[in-house]
> 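Here it is: the structure, laid out below.
Worth saying up front: this structure is predicted, and the values here are computed from it rather than measured. These values consider heavy atoms only, across backbone and side chains, with no hydrogens, waters or symmetry-generated copies.
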Amino acid sequence: MARTAANGNIKSHLNHNGLTGEDFKKNGYHNKKEKNGPRSGAASRQTRHESFEQAPMYVAVMTYLGFGIVTLFGYLRDFLRAVGLEKCHVAQERVEQKDFIPLYQDFENFYTRNLYMRVRDNWNRPVCSLPGPVFDLMERVSDDYNWTFRLTGRTIHNVINMGSYNYLGFAENNADFLKTVAEKTQHYGVGVCSTRKEIGNLSIHEELEQLVANFIGVESSMIFGMGFATNSMNIPALVGKGCLILSDELNHTSLILGARLSGATIRVFKHNNMHSLEKMLREAICSGQPRTHRPWRKILIMVEGVYSMEGSVVRLPEIIALKKKYKAYLYLDEAHSIGAVGPTGRGVTELFDVDPADVDVMMGTFTKSFGAAGGYIAGKKELVEYLRSHSHSAVYASAMSPPVTEQIIRAMKCIMGKDGSTEGIRRIRQLAENTRYFRARLKEMGFIIYGNNDSPVVPILLYMPGKVVAFAREMLTRKIGVVVVGFPATAITEARARFCLSAAHTRDMLNQVLHHLDEVGDALCLKFSRQKYSLRPDLYDETDFELDG
């Protein structure tokens, strides 16, 4: 596919030998202002089109064929290992344990040793610098087809980071910005070594909880030391046997695990499909529980603000309308949306201009936009007080580390403008500008990308397993760090590279990435889109869906 004229303009801004030290600061936030000012929040609220273009039929056929060939060769190599012609490197059951139930499932082992092992050099790459907008990687090689790795002692410098959830650039090493964090570390130490129920409750924990509640616009909030556990440990405290959970099919694993641990009945509706959700709500109200037909004790709808693998944004106003109509509860996971979307970074409730009080349980994490760790649950005061005594994560988990707590406080105050500066709002606007610019250029080039125009998560569809591996390796040779994802994390025909935009990315960095994406896309034939780029949103019909049983 020929390059567009816009791509020629991109190349004119680039140094083809890579970025120089003047283009960025590795250990701090880049403060260079762009020539074009940030887009207004009004434009962001007007257009929320989501694109999910289907690939040509031959791409799906070639994808299945590629997996079939790899699988056949896997069985051949297993046969060679069985007869002793090839060494087996994976863990195996001992002979005296053959009569026991196997510890390892056969197909999981098969996939790991014959598919994943051949390409695992694209994951778990050791970073040896601050993982900001650029970072350094330790070079490693394998002498046995990725079964083991050895470090060469060399370092790959100035790799552009396009995979971190550092949406607002707060994962930084700026002494001026981190002064309060250093002070709190000297005062409180680096760890509490106790639960908050015992002697681990610090004044800065309560300060952060009040700040979170004020930031989101709710009565109260509660913080936790781990984002994953915020979902998996709190959902079982909210619902149980006799309750019904209606879960979006693309929800995160932490939501799925929490739902399973709760003991509630789980039903899955099609992603962002209101017809599918309403049909399930109507059936739940009319039919009640299986066999007994008693009314459900609770019906809880679980959704995410921004879906981390698709880049799509929840259709929040419509879900709230359905929730009210059928008297259900709503659990909203804003791990990827809090701080990253909305005119002032307050998430999807601000993006859609809905009342936060209409969301019963608001969950979010501090690991993305705030450059820290942990999570929160927010809502009415009665909800939070209930969780303080009933949530396993609240009762048994260690309290949040003081330096982490202070990092969240200083980042949130910066976003809210309580630090006396406009740095926070500038970063939010810079992220929105970077997101729209990057998405528009990818569409012009002819890539198939998923997601919402406001979403900083930008998946580029690669489809074929061989192209996924070649893409990741080729981008690294061009000093661009990307995250590639395939089966079983995605559907078998929807392998992709997932780019995450940051306010710390400068226009020169993005142009550098786009230039190399253009070349790699041509070299690997990755430009599958058959649509011409247009600012007019496409129309779609959401009535075409299938219900999961």
Side-chain angles (χ1 to χ4, degrees), residues 48 50 52 218 231-232 234-307 310 312-335 337 347-349 351-363 377-380 382-383 386 452 540-549:
R48 298 195 178 88
E50 292 189 355
F52 293 94
V218 295
N231 276 331
S232 58
N234 282 292
I235 293 174
L238 296 173
V239 291
K241 188 176 181 181
C243 299
L244 174 65
I245 293 177
L246 299 180
S247 176
D248 190 290
E249 66 177 343
L250 297 183
N251 275 344
H252 190 262
T253 304
S254 58
L255 290 168
I256 296 172
L257 178 60
R260 290 175 176 173
L261 291 175
S262 70
T265 301
I266 305 170
R267 292 177 185 167
V268 179
F269 63 91
K270 288 296 179 181
H271 175 56
N272 258 353
N273 193 301
M274 298 303 102
H275 286 83
S276 175
L277 175 58
E278 183 168 16
K279 185 173 182 180
M280 289 188 175
L281 283 167
R282 190 182 300 116
E283 289 178 350
I285 297 298
C286 295
S287 301
Q289 299 183 40
R291 293 187 300 275
T292 64
H293 299 292
R294 293 178 179 174
W296 295 101
R297 292 173 53 206
K298 298 175 190 173
I299 298 178
L300 180 66
I301 303 170
M302 290 199 319
V303 294
E304 294 186 47
V306 172
Y307 290 83
E310 307 296 313
S312 55
V313 174
V314 65
R315 297 169 63 175
L316 188 60
E318 295 161 88
I319 290 180
I320 289 177
L322 289 176
K323 181 208 86 158
K324 292 181 177 179
K325 180 179 179 180
Y326 293 97
K327 303 297 188 292
Y329 295 96
L330 177 58
Y331 187 107
L332 175 62
D333 180 343
E334 289 212 85
S337 56
V348 290
T349 56
L351 183 69
F352 289 102
D353 195 23
V354 301
D355 188 354
D358 290 334
V359 181
D360 300 287
V361 186
M362 300 186 70
M363 177 269 173
I377 293 285
K380 293 184 178 180
E382 293 83 358
L383 166 73
Y386 174 83
N452 190 283
Y540 62 95
D541 181 9
E542 69 159 13
T543 58
D544 181 19
F545 64 88
E546 296 176 357
L547 292 179
D548 290 345

> Please evaluate residues N231 and L257 with respect to the criterion side-chain contact (heavy atoms from CB on, under 4.5 Å), reporting the C-alpha separation (whole Å), side-chain torsions for both, the decisive distance (0.1 Å), and the verdict.
CA-CA 8 Å; N231 276 331; L257 178 60; over 6 Å; no
> Can a donor-acceptor pair be found, under 3.5 Å and without considering hydrogens, that links the side chain of S276 to the backbone of K270?
yes
> Can you find a heavy atom in the side chain of L300 that is under 4.5 Å from one in the side chain of D360?
no
> Quick one: does any side-chain atom of Y329 pair with a main-chain N or O of V361 as donor and acceptor, under 3.5 Å?
no
> If I take atom CG from residue L238 and atom CG from residue L383, how far apart are they, to the nearest 0.5 angstrom?
6.0 Å
> Indicate yes or no: does K323 engage D358 in a salt bridge with an N to O separation below 4.0 Å.
no
> Hydrogens and angles aside, do N272 and Y307 bring a side-chain donor and acceptor to less than 3.5 Å of each other?
no
> Could you go through V303 and Y331, starting from their C-alpha distance and side-chain angles, then the distance that decides it, and tell me whether this counts as side-chain contact (heavy atoms from CB on, under 4.5 Å)?
CA-CA 6 Å; V303 294; Y331 187 107; over 6 Å; no
> Verify, without hydrogens or angle tests, whether E304 (side chain) and H252 (backbone) share a donor-acceptor contact under 3.5 angstrom.
yes
> Give a yes or no on this: more than 12 heavy atoms of other residues, nucleotides or ligands lie within 6.0 Å of atom CZ of R260.
no
> Salt bridge between K325 and E278, side-chain N to carboxylate O under 4.0 Å?
yes
> Do the side chain of N251 and the main chain of M302 share a donor and acceptor less than 3.5 angstrom apart?
yes
